[in-house]
Asker: 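One structure, pasted below without further comment.
All values below were derived from every heavy atom in this structure, side-chain atoms included, with hydrogens, water molecules and symmetry-related copies excluded. Owing to the predicted nature of the structure, the values given are computational and were not obtained by experimental measurement.
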Amino acid sequence: MSQVRTRFAPSPTGDLHIGGARTALFNWLFAKKTKGVFILRIEDTDVERSTQEAVQGILDAMKWLGLDWDEGPYFQSERFRLYQEVAERLLREGKAYRCYCKPEELEEKRREALRAGRKPKYDRSCLERRVHPLSQPFAIRFLSSDQGVTVVEDLIQGRIVFDNSELDDLIILRSDGFPTYNFSVVVDDGTMGITHVIRGNDHLNNTPRQIQIYQALEFPLPRFAHVPMILGPDKKKLSKRHGAPSVMEYKKMGYLPEAVVNYLVRLGWSYGDQEEFTLEELIEKFTLEAVGRSPAAINPGKLDWLNSQYIKKKDLDELVRLFLPFLEEKGYLVPDLEFLKKIVSSLRERVKTLVEMANLSEFYFAEEVSYEEEGTKRYLTPGSLLIFEEMREALSKEKLLDRDTAHRLIQQLAEKQGQPLVKIAQPIRVALTGRTASPPLDEVMEILGQGKVIRRLEKAIKYLEQKEGK
RNA sequence: GGUCCCAUCGUCUAGUGGCCUAGGACAUCGGCCUCUCACGUCGAAAACACGGGUUCGAAUCCCGUUGGGACCA
């Protein structure tokens with residue numbers, strides 16, 4: 001049994017979006033599972049639309065997801081000579097022929113055929129041509145078989161039979177010397193010894209043509225596995241409109257790479273009722289046979305949920321490290337790591353993304369609390385003045401403000417005032433955080449520390465006195 | 001237009017002829033927990049696109065219809 005070799009072959013014309021990322025992931029998983037080799041190849045034959053930034057973006061996104069490659073990246077733009085040589089070989093062997101037809105002529109013929117209700121298929125008018133003037137530009141066409149059938153034994157889609165009469169003689173090398181997609185991909189996969197071509201379903205219809213080229217080149221045929229497309233939440237084709245399909249945007253939005261991987265793998269693949277998988281489990285359990293055949297719509301809510309699960313479980317130091325850039329983004333100064341760790345460990349239980357965590361942590365870092373409107377209206381009322389004063393008083397007598405102390409003080413105050421806990425807690429919450437919703441008050445007080453708590457209570461007292469003065 | 005693919009709750013899916021009164025997860029709604037918001041927990045509502053066959057029996061196999069999608073340009 002020869003070693004498995006898979007590849008991911010993106011075009012660097014934009015960001016790596018989630019459809020591509022999932023294809024890469026399946027290739028990676030399959031290679032890992034079989035102890036094979038995963039190859040990265042950049043398909044940049046379209047020089048006009050390919051950019052260096054896009055290449056870098058793809059590499060970054062792959063690294064962020066943890067999809068490391070064993071070989072490459074190879075660049076098609078560095079292999080033009082190879083494509084030309086192989087095309088000339090086919091020419092010599094009579095498996096391809098020169099075509100001098102001008103694009104305008106071909107376009108005209110195509111339109112005519114469509115008008116007459118015929119298939120717009122190349123008429124092979126250059127096949128029998130005897131004279132080959134080298135001064136005139138020509139393309140090289142593959143001489144395809146128009147008899148019989150070509151069968152694709154797809155690992156995901158099953159057995160698919162194509163009538164060869166449907167295929168026409170496709171151009172493999174354009175007159176400017178550039179290879180076409182279907183040709184370069186076969187030359188590359190063949191010469192790189194790819195054993196399993198795992199790619200998007202949009203290439204299924206190209207596969208019979210490619211198989212014929214494999215046969216003409218006498219390359220061993222790889223196994224094919226066409227994974228279904230990913231759709232937008234509305235079941236329509238995925239596009240930029242649908243939020244953020246680019247991998248690096250998920251990073252910016254505060255998703256963890258393991259959550260994104262877990263989410264992507266479950267789009268089309270499943271393992272019984274299991275929803276959460278570690279990378280090791282995925283490698284162990286992944287099979288191409290278990291990949292579904294129907295297209296899947298993305299479901300942002302599920303990614304949120306998965307992300308919140310991973311945020312809860314992540315190693316705390318690691319989470320803090322990942323969280324830091326989001327604080328910097330907001331311009332918060334982080335006084336010390338222990339303080340930050342406490343904050344993260346308190347907030348991690350209640351957020352879906354790191355961006356949300358940064359938003360919720362605002363009151364810990366702000367010099368001055370800003371009161372939100374609802375909290376002001378409901379809780380910063382004359383009746384709260386006494387609560388703030390009593391709490392400040394009680395606090396100032398304590399040596400140390402930890403969670404238990406804070407809890408005790410709130411409870412004592414409630415008893416003293418003959419009020420339910422909530423009547424005491426809510427005004428204090430607004431005074432300390434500016435909001436009506438926050439982590440538990442005792443926790444907030446401990447993290448904030450005695451000094452800040454007292455200062456914020458005093459600010460609230462001043463605020464109330466001014467309000468009443470008017 | 002031709003060829004090819006697809007079709008189970010709103011979404012991701014389990015299901016490979018009897019275990020299905022169709023299971024799980026997200027989202028939704030409600031109870032519990034509770035100082036608020038979450039988490040958690042318990043529960044509810046929610047699907048086999050339609051029509052024909054095959055079979056003692058069909059979500060499951062076959063054919064057709066409809067609806068989506070891809071490719072060819």
Asker: A cation-pi test, strictly: NZ or CZ of A:Lys352 under 6.0 Å from the centre of the six-membered ring of A:Tyr255 and no more than 45 degrees from its axis. Yes or no?
Answerer: no

Asker: With distance as the sole criterion, is a donor-acceptor pair present between the side chains of A:Arg408 and A:Gln411 under 3.5 Å?
Answerer: no

Asker: Could you please name the option among B:A7, B:C4, B:C35 that lies closest to any side-chain atom of A:Ile160?
Answerer: B:C4

Asker: To the side chain of A:Leu421, which of B:C6, B:C12, B:C35 is closest?
Answerer: B:C35

Asker: Are A:Ser270 and B:A14 close enough that a side-chain N or O sits under 4.0 Å from OP1 or OP2?
Answerer: yes

Asker: Could you work out the separation of B:C9 and B:U65 based on their P atoms and round it to a whole Å?
Answerer: 23 Å

Asker: Which nucleotide in the list B:C39, B:C72, B:C5 gets nearest to the side chain of A:Arg209?
Answerer: B:C72

Asker: Using a distance-only test with no angle check, is there a side-chain donor-acceptor pair under 3.5 angstrom linking A:His226 and A:Asp154?
Answerer: yes

Asker: Can you label the angle between the A:Phe365 ring and the A:Tyr332 ring as parallel, tilted or perpendicular, going by 30° and 60°?
Answerer: parallel

Asker: Please state the C1' separation for the pair B:G30 and B:A49 - nearest whole angstrom.
Answerer: 31 Å

Asker: Counting side-chain heavy atoms from C-beta on, which of B:U36, B:A25, B:C12 comes nearest to A:Glu275?
Answerer: B:A25

Asker: If you measure from the C1' atom in B:A38 to the same atom in B:U34, how many Å do you get, rounded?
Answerer: 11 Å

Asker: What's the gap between B:A27 and B:C19 when it is taken at their C1' atoms, as a whole Å value?
Answerer: 30 Å

Asker: For B:U36, give its Watson-Crick or G-U wobble partner with both distances under 3.5 Å, or none.
Answerer: none

Asker: Measuring from the side chain of A:Lys302 (C-beta onward, heavy atoms only), which nucleotide among B:U36, B:G24, B:C71 has the closest atom?
Answerer: B:G24

Asker: As a test of understanding, state which of A:Ile198, A:Thr195, A:Asp188, A:Ile194 forms a side chain to side chain contact (heavy atoms under 4.5 Å, CB included) with A:Arg7.
Answerer: A:Ile194

Asker: Would you mind classifying the nucleic acid contact of A:Lys312 as base, sugar-phosphate or nothing, using non-hydrogen atoms under 4.0 angstrom?
Answerer: sugar-phosphate

Asker: Say you pick atom P in B:C26 and the same atom in B:U41; how far apart are they, in whole Å?
Answerer: 9 Å

Asker: Do A:Ser346 and A:Glu443 have a side chain donor and acceptor closer than 3.5 Å?
Answerer: yes

Asker: Only pairs with both distances under 3.5 Å count, Watson-Crick or wobble alike; so what is the partner of B:A59 in this structure?
Answerer: none

Asker: If only side-chain N and O atoms count, and only distance matters, is there a donor-acceptor pair under 3.5 Å linking A:Ser144 with A:Asp169?
Answerer: yes

Asker: Could you please name the option among B:C5, B:G24, B:C35 that lies closest to any side-chain atom of A:Leu204?
Answerer: B:C5

Asker: Looking across every strand, which nucleic acid part, if any, lies under 4.0 Å from A:Ser294 by heavy atom: base, sugar-phosphate, or nothing?
Answerer: sugar-phosphate

Asker: Rounded to whole Å, how long is the line connecting atom CD1 of A:Ile211 with atom P of B:C4?
Answerer: 15 Å

Asker: Counting heavy atoms from C-beta on, name the nucleotide in B:G23, B:U36, B:U11 closest to the side chain of A:Gln426.
Answerer: B:U36

Asker: Could you tell me which nucleotide pairs with B:C71 by Watson-Crick or G-U wobble geometry, both distances under 3.5 Å, or answer none if nothing does?
Answerer: B:G2

Asker: When the C1' atoms of B:A22 and B:U16 are considered, how many whole Å apart are they?
Answerer: 15 Å

Asker: May I ask which nucleotide in the shown strands pairs with B:C29, Watson-Crick or G-U wobble, both distances under 3.5 Å?
Answerer: B:G43

Asker: Using both distances under 3.5 Å as the test, list the Watson-Crick or G-U wobble partner of B:C50, or none.
Answerer: B:G64

Asker: So if I take every side-chain heavy atom of A:Asn205 and compare against B:C35, B:C71, B:A7, which nucleotide ends up nearest?
Answerer: B:C71

Asker: Which part of the nucleic acid does A:Gly268 contact within heavy-atom distance under 4.0 Å: base, sugar-phosphate only, or nothing?
Answerer: sugar-phosphate

Asker: For B:C71, take OP1 and OP2 only and decide whether either is under 4.0 Å from a side-chain N or O of A:Gln210.
Answerer: no

Asker: Quote, to the nearest angstrom, the C1' distance that separates B:G43 from B:C48.
Answerer: 25 Å

Asker: At under 4.0 Å between heavy atoms, what does A:Pro439 touch on the DNA or RNA strands: base, sugar-phosphate, or nothing?
Answerer: base

Asker: Just call it for A:Gln309: base, sugar-phosphate, or nothing, with non-hydrogen atoms closer than 4.0 Å on any strand.
Answerer: sugar-phosphate

Asker: Can you tell me, in whole Å, how much space there is between the P of B:C37 and that of B:A47?
Answerer: 32 Å

Asker: Taking the six-membered ring for Trp, are A:Tyr83 and A:Phe183 parallel (under 30°), tilted (30 to 60°) or perpendicular (over 60°)?
Answerer: perpendicular

Asker: Once you apply a heavy-atom cut-off of 4.0 Å, does A:Arg293 come out as touching a base, just sugar-phosphate, or nothing?
Answerer: sugar-phosphate

Asker: Need one value for A:Asp163: base, sugar-phosphate or nothing, where a base atom within 4.0 Å counts as base even if backbone is also close, heavy atoms only.
Answerer: nothing

Asker: Check every atom of B:C6, B:G23, B:C35 against the side chain of A:Pro440 and return the nucleotide holding the closest atom.
Answerer: B:C35

Asker: Of the listed nucleotides (B:C39, B:U3, B:C5), which one gets closest to any side-chain atom of A:Phe162?
Answerer: B:U3

Asker: Tell me which nucleotide, if any, is Watson-Crick or G-U wobble paired with B:A22 when both distances must be under 3.5 Å.
Answerer: none

Asker: Within this structure, what is the CE-to-P distance between A:Met357 and B:A38, rounded to whole angstrom?
Answerer: 17 Å

Asker: OP1, OP2 of B:C39 versus side-chain N and O of A:Arg350: anything below 4.0 Å?
Answerer: no

